[in-house]
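Atom set for the values below is all heavy atoms of this structure, side chains included, hydrogens, waters and symmetry mates excluded.
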Amino acid sequence: MRLLPWTGTDGKACYLSTDDPGSLLSRLADDVEAAQLASAETVLAGARAVLHDAKYRCQSRRRHPIRQDIHPAHLSMSCHTHQ
């Protein structure tokens with residue numbers, strides 16, 4: 001059983017049961033997974049660039065755990081950017 005890289009209309013996982021890795025659905029899943037990986041690599045490269053750019057780093061010397069309840073508008077109060 002292969003977990004496919006998309007969900008059904010009900011939002012549940014889709015699985016493929018086949019012994020043929022060259023089937024149309026297998027090849028489509030391979031293409032979608034390759035596109036997702038390429039997209040993820042692009043996003044990760046962009047995130048790394050921002051994290052390594054000193055003008056975007058927080059100036060606070062204390063480290064805080066990431067909180068899920070903080071609204072993005074509040075982030076500017078604890079981090080400053082340099083121009």
Solution key, residues 31-43 side-chain donor-acceptor pairs under 3.5 Å, sequence neighbours excluded:
from  : atom 1 : to    : atom 2 : distance (Å)
Glu33 : OE1    : Arg2  : NH2    : 2.8
Glu33 : OE2    : Arg2  : NH2    : 3.4
Gln36 : NE2    : Pro5  : O      : 3.3
Thr42 : OG1    : Ala38 : O      : 3.1

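The side-chain contact (heavy atoms from CB on, under 4.5 Å) search around Asp10 returns Lys12, not counting sequence neighbours. Taking the side chain to side chain donor-acceptor pair (under 3.5 Å) definition, one finds that Ser23 meets it with Ser26, sequence neighbours left out.
When hydrophobic residues (I, L, V, M, F, W, Y) are linked wherever their side-chain heavy atoms come within less than 4.5 Å, the members clustered with Tyr15 are Met1, Leu3.
For the atom pair CG (Leu4) and CG (Leu28), the distance works out to 8.5 Å, reported to the nearest 0.5 Å.
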